Structures are given as C-alpha cells and as structure tokens.
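Below: the structure, in structure tokens.
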Amino acid sequence: MADIAGKDSRETMSEQAIANMYSVLRSELNQLYSKITEIEMEVSEHSLVLGAIQPLDPSRRCYRMIGGVLVERTIKEVMPAVQRNKEGLEEVITRLNEALEKKKKEIAEFELKHKIKIRKSDNEAKNDNSRKEGTAQGVLVGPASEQGV
C-alpha cells in the first residue's frame, strides 16, 4: 500500500515540476516580448528625434540627456550619436527576436515531450464561438426595388 502511495506522490511531484518549468518558460517568453516592445518604442523615439532635428541648422544648439545629465551640444554633434544609438537598438531587437524564436521552439519541444495541451477557459471559448458566428454572418443585398420609378 505504501509503495503505491509513494508512486502517486512522485508522479504528481513530477507533474508539478513540469508545470512549474512550463510556467517559467512562458514567463521568459513574455519577458522577451515585453523587452522587444520596450526597445521598439525607444527606436521610434530616436526616429522622431532624428526627423525633428534633421531639417534644422547643424550649428544650432540642442540638449541631450546623457546618463541623467542634460548636456548642451550642437545638432551636428548630436545627430551621429543618436543615429548610432538607434542602429544599436535595432541590432538588439534583431538578437532578441532570434532569442524569441529559440524560446518558442524550446517551448514547443517541451510541450511535445511532456504532451502539454493548453485548454481555453469557458469565457474564451464562448468569445471565440461568438466571433466565428459574427464573422460568418453577412448582409444580403437584393436588387434595388424600382417601386418609385
């Protein structure tokens, strides 16, 4: 009897460990997504700055935040630095996208190895069904009636 109970507790323990590992993988994936989004926002800010200062006189003064300190420079000095930072951020995004794809593959392999299937909650299933029905419905338009003509 004790032997059977021991086997059951080991199996649930391993299932719990698998579930924990899966949730860790999913949270790492979500962290990658949020980091990519954050850096994409920084790239768009750099693009806005470059677009705003490009048409201006290169000798004009501008201010740039460096390490929490506001520094006065000229547009001629700032423009290449902002461009380099933007390009560096784009490279980081490329590397993060590669890491994201690797993490997706790792999760897919983990799901296959441990036969993990994601079940939708009742609310999500109902929402999906209502969306499918809503998109399948259309408006039928017949020929224009010529009653008044």
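Bear in mind the structure is a predicted one, so any value in this text is a computation, not a measurement. In what follows, every heavy atom counts, from backbone to side chain, and hydrogens, waters and symmetry copies are set aside.
Although no hydrogens or angles enter the test, the distance criterion places a donor-acceptor pair under 3.5 Å between the side chain of His46 and the main chain of Glu42.
In the hydrophobic clustering of this structure, Leu32 groups with Met21; members are Ile, Leu, Val, Met, Phe, Trp, Tyr whose side-chain heavy atoms approach within less than 4.5 Å, directly or through other members. A single hydrophobic cluster is not seen to contain both Leu89 and Val82; linkage of ILVMFWY side chains at heavy-atom distances under 4.5 Å, directly or through other members, places them apart. Taking hydrophobic clusters as Ile, Leu, Val, Met, Phe, Trp and Tyr residues chained together by side-chain heavy-atom distances below 4.5 Å, Met41 does not share a cluster with Leu50. Linking Ile, Leu, Val, Met, Phe, Trp and Tyr residues whenever their side-chain heavy atoms come within less than 4.5 Å leaves Met65 and Ile39 in two separate clusters. Residues Leu112 and Tyr22 do not share a hydrophobic cluster, clusters being chains of Ile/Leu/Val/Met/Phe/Trp/Tyr side chains in contact below 4.5 Å.
Residues forming a side-chain hydrogen bond (donor to acceptor under 3.5 Å, both in side chains) with Arg61 (at least two apart in sequence, or on another chain): Glu72.
Looking at Val78 and Cys62, their side chains come closer than 4.5 Å, going by heavy atoms from C-beta outward. Using a 4.5 Å cut-off on side-chain heavy atoms (C-beta onward), Tyr63 and Val71 make no contact.
Taking all atoms of both residues into account, the shortest heavy-atom contact from Gln54 to Met79 is CA-CE, 3.8 Å. Nearest heavy atoms, Pro80 versus Ile75: CD-O, 4.5 Å.
To the nearest 0.5 Å, atom CD of residue Gln16 and atom CG of residue Asn20 are 4.5 Å apart. Considering CG of Leu56 and NZ of Lys76, their distance stands at 15.5 Å, rounded to 0.5 Å. With values rounded to the nearest 0.5 angstrom, Leu48 atom CG is found 11.5 Å from Ile53 atom CD1. To the nearest 0.5 Å, atom CG of residue Leu25 and atom CD1 of residue Ile116 are 8.5 Å apart.
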TODO: Check the pair Glu109, Lys105 against salt bridge (Lys or Arg N to Asp or Glu O under 4.0 Å), reporting the backbone distance first and the verdict last.
DONE: CA-CA 6 Å; Glu109 290 170 2; Lys105 287 179 184 176; over 6 Å; no
TODO: Given salt bridge (Lys or Arg N to Asp or Glu O under 4.0 Å), test Lys103 with Glu106 step by step and report yes or no.
DONE: CA-CA 5 Å; Lys103 187 60 69 176; Glu106 184 180 346; 3.4 Å; yes
- [ ] Begin from the C-alpha positions of Glu101 and Lys104 and carry the test salt bridge (Lys or Arg N to Asp or Glu O under 4.0 Å) through to its verdict.
- [x] CA-CA 5 Å; Glu101 291 305 313; Lys104 283 181 181 179; 3.7 Å; yes
Open item on the list: Let's go through Leu70 and Arg64 carefully: what are the C-alpha distance in whole Å and the side-chain angles of both, what is the deciding distance for side-chain contact (heavy atoms from CB on, under 4.5 Å) to 0.1 Å, and is it a yes or a no?
Closed with: CA-CA 6 Å; Leu70 197 60; Arg64 179 173 181 227; over 6 Å; no
Task: Pair Ile93-Asn97, side-chain contact (heavy atoms from CB on, under 4.5 Å): steps then yes or no - done: CA-CA 6 Å; Ile93 288 174; Asn97 278 325; 3.6 Å; yes
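A donor-acceptor contact closer than 3.5 angstrom links the side chains of Ser47 and Lys86.
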